[in-house]
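Hydrogens, waters and symmetry mates are skipped; everything else that's a heavy atom, side chains included, is used. Here is the naming used below: chain letters follow the sequence lines, and residue numbers restart at 1 for every chain.
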Amino acid sequence: MLRKKPRLSESKASQSQPKLDSLGDHPLASPRSPAPEYSIYFTHQKSNSSRLGPEFFDQPAIALAQAFLGQILVRRLPDGTELRGRVVETEAYLGAEDEAAHSRGGRQTPRNKGMFMKPGTLYVYIIYGMYFCMNVSSQGEGACILLRSLEPVEGLEMMRQLRNAHRKGAARALKDRELCNGPSKLCQALAIDKSFDQRDLAEEESIWLEQGPEKPGEHTVVTATRIGINYAGEWALKPLRFYIRGNPYVSVVDRKVEQEMQASG
DNA sequence: TCGACGATGTTCT
DNA sequence: GAACATCGTCGAA
């Protein structure tokens with residue numbers, strides 16, 4: 001029962017954030033009270049009461065990947081617009097032993113440093129030269145969670161605009177289900193780029209996680225293999241992807257696994 | 001609905 | 001120089 005390790009000195013954490021200028025004078029952009037200390041137990045400024053703090057992220061990768069399902073990812077744009085999406089699909093990457101992880105074999109490079117930082121730290125990287133993927137560091141050296149799909153909840157028109165901005169010409173209109181059903185699509189829809197790398201999801205002003213209204217039941221979570229890592233040998237076969245069964249916003253459905261669940265359950 | 005493929009450039013060997 | 005935790009389009013069925 002490992003629990004409760006004292007982490008970061010929080011009075012200091014608030015000092016080490018000198019630049020908020022671009023957001024500073026917007027009425028929605030300053031949730032900070034004049035109180036000298038920022039406590040995770042008193043985060044109820046406005047509607048912010050359900051924000052998940054550092055303790056949420058401090059759990060092993062598989063547990064955290066599952067715990068993410070049903071939670072709400074919130075992105076506040078510089079103009080104050082808030083975008084919300086419910087997490088419906090995640091993958092766990094376990095660290096050194098995991099042949100599919102960027103941290104495989106204990107590799108630590110400037111790029112993947114975020115994977116090794118404290119739980120809740122974002123690891124955003126560029127894939128195929130033009131897309132971003134967003135990960136959240138978990139407990140465990142070099143372990144993290146990849147966010148694969150969101151169910152759009154609030155700000156859908158802005159999401160559509162942001163997605164269209166990345167597309168050539170004026171292609172056909174995107175359906176709601178196409179806004180955030182993929183790791184790079186959700187980054188486009190929420191305007192998440194490399195500048196978010198190594199930022200703290202538990203403390204940031206412009207992005208955070210909120211407790212969702214309902215947790216998916218245990219029998220509604222599908223456990224399947226991860227996507228796009230076929231090079232990883234036996235690790236490609238490990239059941240480290242989790243998604244909400246029947247949710248139309250999941251990017252890749254594994255019908256075979258779902259049938260097996262049905263049969264045994 | 002599905003499979004093949006090109007785009008595009010950073011990161012790592 | 002090769003690989004890459006992806007996406008959108010195109011053509012076949």
Side-chain angles (χ1 to χ4, degrees), chain A residues 61-62 64-66 68-69 73 85 87-116 121-138 140 142-150 152 159-198 222-243 248-256 258:
Chain A
I62 292 175
L64 184 58
Q66 294 170 324
F68 255 89
L69 297 178
L73 182 66
V87 179
V88 298
E89 183 183 4
T90 61
E91 288 179 1
Y93 288 84
L94 305 189
E97 57 175 339
D98 185 348
E99 283 300 316
H102 290 171
S103 52
R104 76 188 80 98
R107 285 175 174 80
Q108 188 173 351
T109 66
R111 177 178 69 149
N112 70 7
K113 184 175 176 212
M115 298 179 89
F116 293 86
T121 304
L122 300 183
Y123 167 43
V124 180
Y125 68 92
I126 299 172
I127 183 71
Y128 298 108
M130 49 182 149
Y131 299 114
F132 297 101
C133 289
M134 170 184 173
N135 302 261
V136 183
S137 177
S138 71
C144 69
I145 312 308
L146 170 70
L147 268 48
R148 281 198 61 89
S149 301
L150 306 178
M159 292 182 190
R160 217 180 307 275
Q161 281 183 37
L162 286 162
R163 290 272 285 121
N164 279 330
H166 290 266
R167 308 203 304 161
K168 294 194 169 183
R172 57 167 240 287
L174 288 170
K175 297 172 186 162
D176 289 356
R177 65 189 310 170
E178 296 175 303
L179 292 174
C180 303
N181 64 334
S184 297
K185 294 179 187 176
L186 72 87
C187 284
Q188 286 183 355
L190 299 195
I192 292 162
D193 60 22
K194 185 78 176 166
S195 72
F196 284 78
D197 189 38
Q198 297 179 25
V222 179
T223 302
T225 57
R226 294 173 292 182
I227 303 299
I229 52 149
N230 293 329
Y231 58 85
E234 63 179 71
W235 279 89
L237 305 176
K238 306 246 184 209
L240 293 172
R241 184 165 65 96
F242 307 94
Y243 67 84
Y249 300 90
V250 170
S251 69
V252 179
V253 168
D254 190 328
R255 305 205 184 278
K256 206 169 170 183
E258 292 188 19

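Regarding Met130(A), its CE atom lies at a distance of 9 Å from the P atom of dA7(B), rounded to whole Å. Taking atom OH of Tyr123(A) as the reference point, atom C1' of dC4(C) lies 11 Å away to the nearest angstrom. The separation between Ile126(A) atom CD1 and dA7(B) atom P is 19 Å, rounded to whole Å. If you take CG of Leu179(A) and P of dG8(C), they are 10 Å apart, rounded to a whole angstrom. One atom, CD of Glu178(A), and another, P of dT9(C), lie 9 Å apart when rounded to the nearest Å. We find that CZ of Arg107(A) is positioned 12 Å from P of dA5(C), with the value rounded to whole Å. For Asn181(A) and dA5(C), the CG to P distance is 19 Å, given to the nearest whole Å. Atom CZ of Phe132(A) and atom C1' of dC7(C) are 14 Å apart (whole Å).
Dense packing is recorded around CZ of Arg111(A), with more than 12 heavy atoms of other residues, nucleotides or ligands lying under 6.0 Å away. Other residues, nucleotides and ligands place more than 12 heavy atoms under 6.0 Å from the NZ atom of Lys194(A).
Applying the 4.0 Å criterion to OP1 and OP2 of dT6(C), one finds that Arg148(A) has a side-chain N or O inside that range. In this structure, Arg241(A) does not reach the dA5(C) phosphate: none of its side-chain N or O atoms is under 4.0 Å from OP1 or OP2. Regarding contacts with the backbone of dG8(C), every side-chain N or O of Arg172(A) stays at 4.0 angstrom or more from both OP1 and OP2. Between Lys194(A) and dT10(B) there is no side-chain polar atom (N or O) within less than 4.0 angstrom of OP1 or OP2.
With dA7(B), dT6(C), dA5(C) as the choices, the nucleotide that has an atom nearest any side-chain atom of Tyr93(A) turns out to be dA5(C). Distances from the side chain of Tyr231(A) to the nucleotides dC4(C), dC7(C), dA7(B) place dC4(C) closest. Nearest to the side-chain atoms of Ser184(A) among the listed nucleotides dT6(C), dA5(C), dT10(B) stands dT6(C). The side chain of Tyr125(A) approaches dA5(C) more closely than any other nucleotide in the set dT10(B), dT8(B), dA5(C). If you check dC12(B), dG8(C), dT10(B) against the side chain of Thr109(A), the one that comes closest is dC12(B).
Each of Asn112(A) and Tyr131(A) lies near DNA chain B, and the nucleotide nearest Tyr131(A) is the one positioned closer to the 5' end. Place Lys185(A) and His102(A) on DNA chain C by their nearest nucleotides, and His102(A) ends up nearer the 5' end. Mapping Leu174(A) and Met134(A) onto DNA chain C by nearest heavy atom places Met134(A) at the nucleotide closer to the 5' end.
If you check every strand for non-hydrogen atoms under 4.0 Å, Arg111(A) touches sugar and phosphate atoms only. Backbone-only engagement by Ile227(A) is indicated by non-hydrogen atom pairs under 4.0 Å involving sugar-phosphate atoms exclusively. Met115(A) comes within 4.0 angstrom of a base, heavy atoms only. Among the protein residues, Arg163(A) comes within range of the sugar-phosphate backbone only, with heavy atoms under 4.0 Å from sugar or phosphate atoms but none that close to a base.
Here OH of Tyr125(A) is found 12.0 Å from OG1 of Thr109(A). Values are rounded to the nearest 0.5 Å. Here the CG atom belonging to Leu179(A) is positioned 9.0 Å from the CG atom belonging to Asn164(A), to the nearest 0.5 angstrom.
In this structure, dA5(C) forms no base pair with any nucleotide, since neither Watson-Crick nor G-U wobble geometry is met with both distances under 3.5 Å. Partner assigned to dT8(B) is none, using Watson-Crick or G-U wobble distances below 3.5 angstrom.
Listed here is the closest heavy atom pair of Cys133(A) and Pro183(A): SG-CB, 4.0 Å.
The backbone N or O of Ala65(A) sits less than 3.5 Å from a side-chain atom of Thr90(A), completing a donor-acceptor pair.
In this pair, Tyr128(A) does not lay its aromatic ring on the base of dA7(B); centres under 5.5 Å and planes under 30 degrees do not both hold.
Salt bridge status for Lys185(A) with Glu178(A): absent, with no side-chain N to carboxylate O gap under 4.0 Å.
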